[in-house]
Protein chains: 2
Amino acid sequence: MDAVAAQKDTVGLPEPCARVPVEHADFIRQVLDRIGDKWTLMVVASLHGGLMRYKDLQSSIPGISQRMLSRTLSQLHQDGLVTRTAYAEVPPRVEYALTPLGASLNDIVASLIDWAADHHEEIRRHRAGTGAADAS
Amino acid sequence: MDAVAAQKDTVGLPEPCARVPVEHADFIRQVLDRIGDKWTLMVVASLHGGLMRYKDLQSSIPGISQRMLSRTLSQLHQDGLVTRTAYAEVPPRVEYALTPLGASLNDIVASLIDWAADHHEEIRRHRAGTGAADAS
DNA sequence: CAGTATCCATACAGATACTG
DNA sequence: CAGTATCTGTATGGATACTG
(Lines give C-alpha, C1' and ligand atoms only; values in the text may rest on other atoms or scores of the structure.)
Protein backbone atom coordinates (compact mmCIF):
# COMPACT_ATOMS: atom_id res chain seq x y z
CA MET A 1 0.00 0.00 0.00
CA ASP A 2 0.91 3.60 0.30
CA ALA A 3 2.50 3.00 3.66
CA VAL A 4 5.84 2.53 2.00
CA ALA A 5 6.36 6.24 1.87
CA ALA A 6 5.88 6.59 5.59
CA GLN A 7 9.46 5.78 6.54
CA LYS A 8 10.91 9.02 5.42
CA ASP A 9 9.42 11.83 3.47
CA THR A 10 11.02 15.11 2.43
CA VAL A 11 12.95 13.68 -0.41
CA GLY A 12 15.21 16.68 -0.47
CA LEU A 13 18.21 16.87 1.76
CA PRO A 14 17.23 18.56 4.97
CA GLU A 15 19.34 16.12 6.90
CA PRO A 16 22.80 17.00 8.12
CA CYS A 17 24.41 14.31 6.03
CA ALA A 18 28.11 14.90 6.27
CA ARG A 19 28.66 13.23 2.94
CA VAL A 20 29.48 15.24 -0.12
CA PRO A 21 26.57 14.23 -2.33
CA VAL A 22 26.11 16.50 -5.27
CA GLU A 23 26.42 19.85 -3.65
CA HIS A 24 30.11 20.04 -4.39
CA ALA A 25 29.67 18.20 -7.61
CA ASP A 26 32.22 20.34 -9.37
CA PHE A 27 35.33 18.48 -8.32
CA ILE A 28 33.52 15.17 -8.24
CA ARG A 29 32.66 15.97 -11.81
CA GLN A 30 36.30 16.61 -12.60
CA VAL A 31 37.51 13.42 -11.01
CA LEU A 32 34.76 11.41 -12.62
CA ASP A 33 35.54 12.92 -15.99
CA ARG A 34 39.12 11.91 -15.59
CA ILE A 35 38.73 8.42 -14.26
CA GLY A 36 35.47 7.85 -16.07
CA ASP A 37 37.05 7.26 -19.43
CA LYS A 38 37.52 3.85 -20.90
CA TRP A 39 41.08 3.13 -19.85
CA THR A 40 42.26 5.18 -16.89
CA LEU A 41 41.20 2.74 -14.23
CA MET A 42 42.60 -0.15 -16.22
CA VAL A 43 45.97 1.55 -16.47
CA VAL A 44 45.97 2.41 -12.80
CA ALA A 45 45.06 -1.16 -12.00
CA SER A 46 47.85 -2.44 -14.21
CA LEU A 47 50.33 -0.23 -12.46
CA HIS A 48 49.51 -1.64 -9.06
CA GLY A 49 52.43 -4.02 -9.20
CA GLY A 50 55.11 -1.40 -9.58
CA LEU A 51 57.20 -0.11 -12.44
CA MET A 52 56.00 -0.87 -15.90
CA ARG A 53 57.21 0.08 -19.31
CA TYR A 54 55.09 1.41 -22.10
CA LYS A 55 55.02 -1.78 -24.06
CA ASP A 56 54.42 -3.89 -21.00
CA LEU A 57 51.40 -1.81 -20.17
CA GLN A 58 50.14 -2.22 -23.67
CA SER A 59 50.58 -5.95 -23.44
CA SER A 60 48.94 -5.95 -20.07
CA ILE A 61 45.82 -4.21 -21.26
CA PRO A 62 44.36 -6.27 -24.09
CA GLY A 63 42.40 -3.91 -26.28
CA ILE A 64 44.23 -0.64 -25.75
CA SER A 65 45.86 1.26 -28.59
CA GLN A 66 49.01 3.34 -28.54
CA ARG A 67 47.05 6.48 -28.77
CA MET A 68 44.81 5.68 -25.84
CA LEU A 69 47.68 4.42 -23.72
CA SER A 70 49.73 7.53 -24.41
CA ARG A 71 46.78 9.78 -23.74
CA THR A 72 45.83 8.06 -20.53
CA LEU A 73 49.40 7.99 -19.32
CA SER A 74 49.80 11.67 -20.09
CA GLN A 75 46.67 12.60 -18.20
CA LEU A 76 47.69 10.47 -15.28
CA HIS A 77 51.12 12.02 -15.30
CA GLN A 78 49.71 15.51 -15.56
CA ASP A 79 47.51 14.88 -12.59
CA GLY A 80 50.42 13.56 -10.60
CA LEU A 81 49.11 10.05 -10.31
CA VAL A 82 51.94 8.38 -12.13
CA THR A 83 55.61 9.07 -12.51
CA ARG A 84 57.30 8.95 -15.85
CA THR A 85 60.95 8.07 -16.04
CA ALA A 86 62.49 8.28 -19.47
CA TYR A 87 65.92 6.90 -20.22
CA ALA A 88 67.04 8.69 -23.30
CA GLU A 89 69.26 5.81 -24.31
CA VAL A 90 69.76 4.00 -27.52
CA PRO A 91 66.84 1.70 -26.92
CA PRO A 92 64.33 4.16 -25.55
CA ARG A 93 63.04 2.97 -22.25
CA VAL A 94 60.30 4.70 -20.29
CA GLU A 95 59.02 3.44 -17.02
CA TYR A 96 55.80 4.35 -15.35
CA ALA A 97 54.79 3.92 -11.76
CA LEU A 98 52.10 5.06 -9.41
CA THR A 99 52.82 7.99 -7.16
CA PRO A 100 51.51 7.84 -3.59
CA LEU A 101 48.54 9.78 -4.85
CA GLY A 102 47.99 7.28 -7.62
CA ALA A 103 48.42 4.45 -5.16
CA SER A 104 45.72 5.90 -2.97
CA LEU A 105 43.41 5.95 -5.96
CA ASN A 106 44.49 2.46 -6.81
CA ASP A 107 43.27 1.36 -3.44
CA ILE A 108 39.79 2.47 -4.35
CA VAL A 109 40.13 1.03 -7.81
CA ALA A 110 41.03 -2.24 -6.21
CA SER A 111 37.87 -2.04 -4.15
CA LEU A 112 35.93 -1.38 -7.30
CA ILE A 113 37.49 -4.30 -9.10
CA ASP A 114 36.86 -6.45 -6.09
CA TRP A 115 33.27 -5.33 -6.10
CA ALA A 116 32.99 -6.06 -9.79
CA ALA A 117 34.45 -9.50 -9.31
CA ASP A 118 32.10 -10.18 -6.46
CA HIS A 119 28.89 -8.94 -7.99
CA HIS A 120 29.17 -9.16 -11.73
CA GLU A 121 27.30 -12.45 -11.74
CA GLU A 122 24.48 -10.91 -9.79
CA ILE A 123 24.39 -8.00 -12.18
CA ARG A 124 24.28 -10.31 -15.14
CA ARG A 125 21.45 -12.24 -13.56
CA HIS A 126 19.50 -9.07 -13.10
CA ARG A 127 20.29 -7.93 -16.57
CA ALA A 128 18.94 -11.17 -17.99
CA GLY A 129 15.65 -10.87 -16.16
CA THR A 130 15.08 -7.77 -14.15
CA GLY A 131 13.88 -9.30 -10.92
CA ALA A 132 11.51 -11.47 -12.89
CA ALA A 133 11.66 -14.88 -14.46
CA ASP A 134 14.54 -15.85 -16.63
CA ALA A 135 14.13 -14.67 -20.18
CA SER A 136 16.76 -16.68 -22.02
CA MET B 1 71.71 -8.82 -32.23
CA ASP B 2 69.96 -6.42 -30.04
CA ALA B 3 68.70 -7.07 -26.60
CA VAL B 4 65.19 -7.60 -27.89
CA ALA B 5 65.19 -11.11 -26.53
CA ALA B 6 64.53 -9.74 -23.10
CA GLN B 7 60.82 -9.59 -23.74
CA LYS B 8 60.35 -13.22 -22.88
CA ASP B 9 59.54 -12.48 -19.28
CA THR B 10 58.03 -9.91 -16.96
CA VAL B 11 55.41 -8.71 -19.36
CA GLY B 12 52.82 -10.32 -17.20
CA LEU B 13 52.82 -10.22 -13.47
CA PRO B 14 55.37 -12.54 -11.93
CA GLU B 15 54.38 -11.58 -8.45
CA PRO B 16 51.80 -13.59 -6.52
CA CYS B 17 49.43 -10.69 -6.34
CA ALA B 18 46.03 -12.05 -5.50
CA ARG B 19 44.37 -9.05 -7.09
CA VAL B 20 42.36 -9.32 -10.26
CA PRO B 21 44.37 -7.02 -12.51
CA VAL B 22 43.58 -7.30 -16.15
CA GLU B 23 43.42 -10.99 -16.63
CA HIS B 24 39.72 -11.09 -15.99
CA ALA B 25 39.31 -7.75 -17.63
CA ASP B 26 36.07 -8.79 -19.29
CA PHE B 27 33.75 -8.19 -16.38
CA ILE B 28 35.83 -5.32 -15.09
CA ARG B 29 35.30 -3.89 -18.52
CA GLN B 30 31.58 -4.38 -18.22
CA VAL B 31 31.34 -2.78 -14.83
CA LEU B 32 33.57 0.08 -15.86
CA ASP B 33 31.55 0.63 -18.98
CA ARG B 34 28.43 0.84 -16.91
CA ILE B 35 29.62 3.04 -14.08
CA GLY B 36 32.10 4.87 -16.26
CA ASP B 37 29.51 7.02 -17.92
CA LYS B 38 28.91 10.59 -17.01
CA TRP B 39 26.05 10.23 -14.55
CA THR B 40 25.78 6.77 -13.04
CA LEU B 41 27.97 7.46 -10.06
CA MET B 42 26.27 10.78 -9.49
CA VAL B 43 22.87 9.13 -9.45
CA VAL B 44 24.05 6.40 -7.12
CA ALA B 45 25.56 9.02 -4.87
CA SER B 46 22.34 10.97 -4.88
CA LEU B 47 20.41 7.90 -3.91
CA HIS B 48 22.49 7.32 -0.83
CA GLY B 49 19.93 9.03 1.37
CA GLY B 50 17.06 6.72 0.56
CA LEU B 51 13.99 6.98 -1.60
CA MET B 52 13.98 9.66 -4.23
CA ARG B 53 11.54 10.62 -6.91
CA TYR B 54 12.44 11.30 -10.49
CA LYS B 55 12.12 15.02 -10.25
CA ASP B 56 13.99 15.18 -6.98
CA LEU B 57 16.85 13.34 -8.53
CA GLN B 58 16.86 15.74 -11.40
CA SER B 59 16.90 18.65 -9.02
CA SER B 60 19.61 17.01 -7.02
CA ILE B 61 21.94 16.54 -9.96
CA PRO B 62 22.50 19.97 -11.50
CA GLY B 63 23.32 19.44 -15.13
CA ILE B 64 21.46 16.23 -15.89
CA SER B 65 18.77 16.03 -18.53
CA GLN B 66 15.62 13.92 -18.55
CA ARG B 67 17.07 11.68 -21.16
CA MET B 68 20.24 10.99 -19.23
CA LEU B 69 18.44 10.55 -15.95
CA SER B 70 15.97 8.12 -17.48
CA ARG B 71 18.71 6.24 -19.23
CA THR B 72 20.90 5.98 -16.18
CA LEU B 73 18.02 4.97 -13.98
CA SER B 74 16.98 2.31 -16.47
CA GLN B 75 20.45 0.86 -16.62
CA LEU B 76 20.75 0.88 -12.88
CA HIS B 77 17.39 -0.78 -12.55
CA GLN B 78 18.23 -3.34 -15.17
CA ASP B 79 21.39 -4.23 -13.33
CA GLY B 80 19.52 -4.55 -10.09
CA LEU B 81 21.20 -1.65 -8.39
CA VAL B 82 18.11 0.42 -7.85
CA THR B 83 14.49 -0.37 -7.25
CA ARG B 84 11.77 1.37 -9.16
CA THR B 85 8.37 1.79 -7.56
CA ALA B 86 5.77 3.32 -9.81
CA TYR B 87 2.43 4.45 -8.51
CA ALA B 88 0.25 4.51 -11.58
CA GLU B 89 -2.08 6.98 -10.02
CA VAL B 90 -3.50 10.25 -11.14
CA PRO B 91 -0.38 12.15 -10.21
CA PRO B 92 2.28 9.79 -11.49
CA ARG B 93 4.80 9.14 -8.79
CA VAL B 94 7.85 6.97 -9.18
CA GLU B 95 10.32 6.39 -6.42
CA TYR B 96 13.81 5.07 -6.75
CA ALA B 97 16.04 3.57 -4.14
CA LEU B 98 19.24 1.65 -3.93
CA THR B 99 19.07 -2.10 -3.57
CA PRO B 100 21.54 -3.80 -1.23
CA LEU B 101 23.68 -4.36 -4.29
CA GLY B 102 23.47 -0.71 -5.20
CA ALA B 103 24.22 0.23 -1.64
CA SER B 104 27.37 -1.87 -1.72
CA LEU B 105 28.46 0.01 -4.80
CA ASN B 106 27.51 3.24 -3.14
CA ASP B 107 29.95 2.44 -0.40
CA ILE B 108 32.76 2.41 -2.93
CA VAL B 109 31.38 5.47 -4.64
CA ALA B 110 31.46 7.22 -1.31
CA SER B 111 35.11 6.27 -0.98
CA LEU B 112 35.73 7.65 -4.42
CA ILE B 113 33.98 10.90 -3.61
CA ASP B 114 35.88 11.08 -0.38
CA TRP B 115 39.09 10.55 -2.27
CA ALA B 116 38.14 13.20 -4.76
CA ALA B 117 37.33 15.64 -2.02
CA ASP B 118 40.60 14.89 -0.30
CA HIS B 119 42.93 15.05 -3.27
CA HIS B 120 41.36 17.26 -5.89
CA GLU B 121 43.49 20.18 -4.75
CA GLU B 122 46.62 18.12 -5.11
CA ILE B 123 45.54 17.05 -8.56
CA ARG B 124 44.87 20.61 -9.57
CA ARG B 125 48.28 21.64 -8.32
CA HIS B 126 49.91 18.95 -10.38
CA ARG B 127 47.83 19.85 -13.38
CA ALA B 128 49.00 23.43 -13.14
CA GLY B 129 52.66 22.50 -13.05
CA THR B 130 53.51 18.91 -13.62
CA GLY B 131 55.97 18.22 -10.87
CA ALA B 132 57.83 21.43 -11.57
CA ALA B 133 57.40 24.93 -10.31
CA ASP B 134 55.06 27.09 -12.24
CA ALA B 135 56.96 29.93 -13.84
CA SER B 136 54.18 31.75 -15.60
C1' DC C 1 4.87 14.28 -12.88
C1' DA C 2 7.35 10.81 -15.35
C1' DG C 3 9.20 9.28 -19.32
C1' DT C 4 10.13 8.38 -24.29
C1' DA C 5 11.51 9.57 -29.15
C1' DT C 6 13.86 12.31 -32.41
C1' DC C 7 17.56 15.08 -33.96
C1' DC C 8 22.05 16.86 -33.45
C1' DA C 9 26.79 18.16 -31.60
C1' DT C 10 30.76 16.65 -29.86
C1' DA C 11 34.03 14.04 -27.33
C1' DC C 12 35.85 9.62 -27.15
C1' DA C 13 38.19 6.05 -29.08
C1' DG C 14 40.48 3.01 -32.91
C1' DA C 15 43.54 2.29 -37.10
C1' DT C 16 47.22 3.81 -39.52
C1' DA C 17 51.36 6.13 -40.56
C1' DC C 18 55.09 8.60 -39.28
C1' DT C 19 58.97 10.46 -36.12
C1' DG C 20 62.68 10.50 -32.33
C1' DC D 1 60.96 1.05 -28.13
C1' DA D 2 58.20 5.05 -27.28
C1' DG D 3 55.25 8.33 -28.81
C1' DT D 4 52.70 11.73 -31.74
C1' DA D 5 49.63 13.30 -35.73
C1' DT D 6 45.84 12.69 -38.76
C1' DC D 7 41.65 10.81 -40.24
C1' DT D 8 37.43 8.70 -39.29
C1' DG D 9 33.69 6.00 -36.95
C1' DT D 10 30.86 5.57 -33.11
C1' DA D 11 28.89 6.17 -28.67
C1' DT D 12 27.76 9.54 -25.45
C1' DG D 13 25.23 13.17 -24.10
C1' DG D 14 22.14 17.48 -24.67
C1' DA D 15 17.84 20.16 -26.41
C1' DT D 16 13.44 19.81 -27.75
C1' DA D 17 8.96 17.95 -28.46
C1' DC D 18 5.67 14.75 -27.52
C1' DT D 19 3.00 11.00 -24.81
C1' DG D 20 0.92 8.40 -20.68
Side-chain angles (χ1 to χ4, degrees), chain A residues 2 5 9 11-12 25 29-30 32-43 46-47 51-78 82-97 130, chain B residues 1-11 25 29-30 32-43 46-47 51-78 82-97 130:
Chain A
D2 53 336
D9 53 84
V11 277
R29 177 79 287 155
Q30 289 175 31
L32 255 41
D33 272 19
R34 183 51 42 95
I35 69 164
D37 62 32
K38 203 172 183 180
W39 300 109
T40 296
L41 292 188
M42 301 282 261
V43 172
S46 288
L47 246 17
L51 284 176
M52 287 196 85
R53 290 164 53 169
Y54 183 87
K55 201 163 194 289
D56 293 330
L57 279 167
Q58 192 173 13
S59 300
S60 182
I61 307 171
I64 202 168
S65 60
Q66 293 93 345
R67 179 184 149 86
M68 284 300 108
L69 183 54
S70 291
R71 255 186 181 296
T72 306
L73 250 16
S74 293
Q75 317 254 67
L76 254 19
H77 183 232
Q78 261 190 116
V82 304
T83 56
R84 181 183 182 277
T85 310
Y87 301 92
E89 301 295 322
V90 181
R93 169 163 55 163
V94 181
E95 293 178 327
Y96 294 92
T130 310
Chain B
M1 307 68 176
D2 297 326
V4 291
Q7 65 181 193
K8 55 178 256 187
D9 61 332
T10 63
V11 277
R29 176 78 290 154
Q30 289 175 32
L32 254 41
D33 271 19
R34 183 49 46 93
I35 68 162
D37 60 33
K38 203 173 182 179
W39 301 108
T40 297
L41 292 188
M42 302 281 261
V43 172
S46 289
L47 247 18
L51 284 176
M52 286 196 86
R53 288 161 57 168
Y54 183 86
K55 200 163 195 286
D56 293 329
L57 279 167
Q58 192 173 12
S59 299
S60 181
I61 306 172
I64 202 168
S65 61
Q66 291 92 345
R67 180 183 146 90
M68 284 301 107
L69 183 54
S70 291
R71 251 183 182 295
T72 306
L73 250 16
S74 292
Q75 316 253 69
L76 253 20
H77 182 233
Q78 260 190 117
V82 305
T83 57
R84 182 182 181 276
T85 309
Y87 301 91
E89 298 299 319
V90 181
R93 171 164 54 162
V94 181
E95 294 179 327
Y96 294 92
T130 310

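Chain A is the first sequence line, chain B the second, and so forth, proteins listed ahead of strands; every chain is numbered from 1. Bear in mind the structure is a predicted one, so any value in this text is a computation, not a measurement.
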Which nucleotide, [options], lies nearest any side-chain atom of [X]?
X: A/Y54; options: C/dT6, D/dT4, C/dC1; result: D/dT4
X: A/K55; options: C/dA2, D/dA2, D/dT6; result: D/dA2
X: B/S70; options: C/dG3, C/dC7, C/dA2; result: C/dG3
X: A/K38; options: D/dA15, D/dG3, C/dA13; result: C/dA13
X: A/R53; options: C/dA13, D/dG3, D/dC1; result: D/dC1
X: B/Q66; options: C/dA2, D/dG13, C/dT4; result: C/dT4
X: B/W39; options: C/dG14, C/dG3, D/dG14; result: D/dG14

- Message: For the residue pair A/R67 and A/W39, would you count it as a cation-pi contact if the rule is NZ or CZ under 6.0 angstrom from the ring centre and within 45 degrees of the ring axis?
- Response: no
- Ranking A/S74 and A/P91 by the position along DNA chain D of their nearest nucleotide, the one closer to 5' is A/P91
- Nearest-nucleotide check on DNA chain D, A/A86 vs A/R67; residue mapping nearer the 5' end is A/A86
[X] has an atom [atom1]; how far is it from atom [atom2] of [N], in whole Å?
X: B/L73; N: D/dG13; atom1: CG; atom2: C1'; answer: 16 Å
X: B/L57; N: C/dA2; atom1: CG; atom2: P; answer: 9 Å
X: A/H77; N: D/dG3; atom1: NE2; atom2: P; answer: 11 Å
X: B/R93; N: D/dG20; atom1: CZ; atom2: C1'; answer: 18 Å
X: A/M68; N: D/dT6; atom1: CE; atom2: C1'; answer: 13 Å
X: A/L69; N: C/dT16; atom1: CG; atom2: P; answer: 18 Å
X: B/I64; N: D/dG14; atom1: CD1; atom2: P; answer: 7 Å
X: B/R84; N: C/dC1; atom1: CZ; atom2: P; answer: 17 Å

- Task: Verify side-chain hydrogen bond (donor to acceptor under 3.5 Å, both in side chains) between B/Y54 and B/S70, making sure each step is shown before the conclusion.
- Result: CA-CA 8 Å; B/Y54 183 86; B/S70 291; 3.3 Å; yes
- Base, sugar-phosphate, or nothing: which does A/Y96 touch, judged by heavy atoms less than 4.0 Å apart? sugar-phosphate
- Begin from the C-alpha positions of B/D56 and B/S59 and carry the test side-chain hydrogen bond (donor to acceptor under 3.5 Å, both in side chains) through to its verdict. CA-CA 5 Å; B/D56 293 329; B/S59 299; 5.3 Å; no
- Task: Tell me which of B/R71 and A/R71 sits closer to the 5' end of DNA chain C, going by the nucleotide each one is nearest to.
- Result: B/R71
- Test item: B/R71 side-chain N/O and B/Q66 main-chain N/O as donor-acceptor pair under 3.5 Å: no
- Query: Counting N and O atoms only, with roles assigned by atom type, does the side chain of B/R84 sit under 3.5 Å from a partner on the main chain of B/S74, one being a donor and the other an acceptor?
  - Reply: no
- Task: Scan every strand shown for a Watson-Crick or G-U wobble partner of C/dG20, both distances under 3.5 Å, and answer none if you come up empty.
- Result: D/dC1
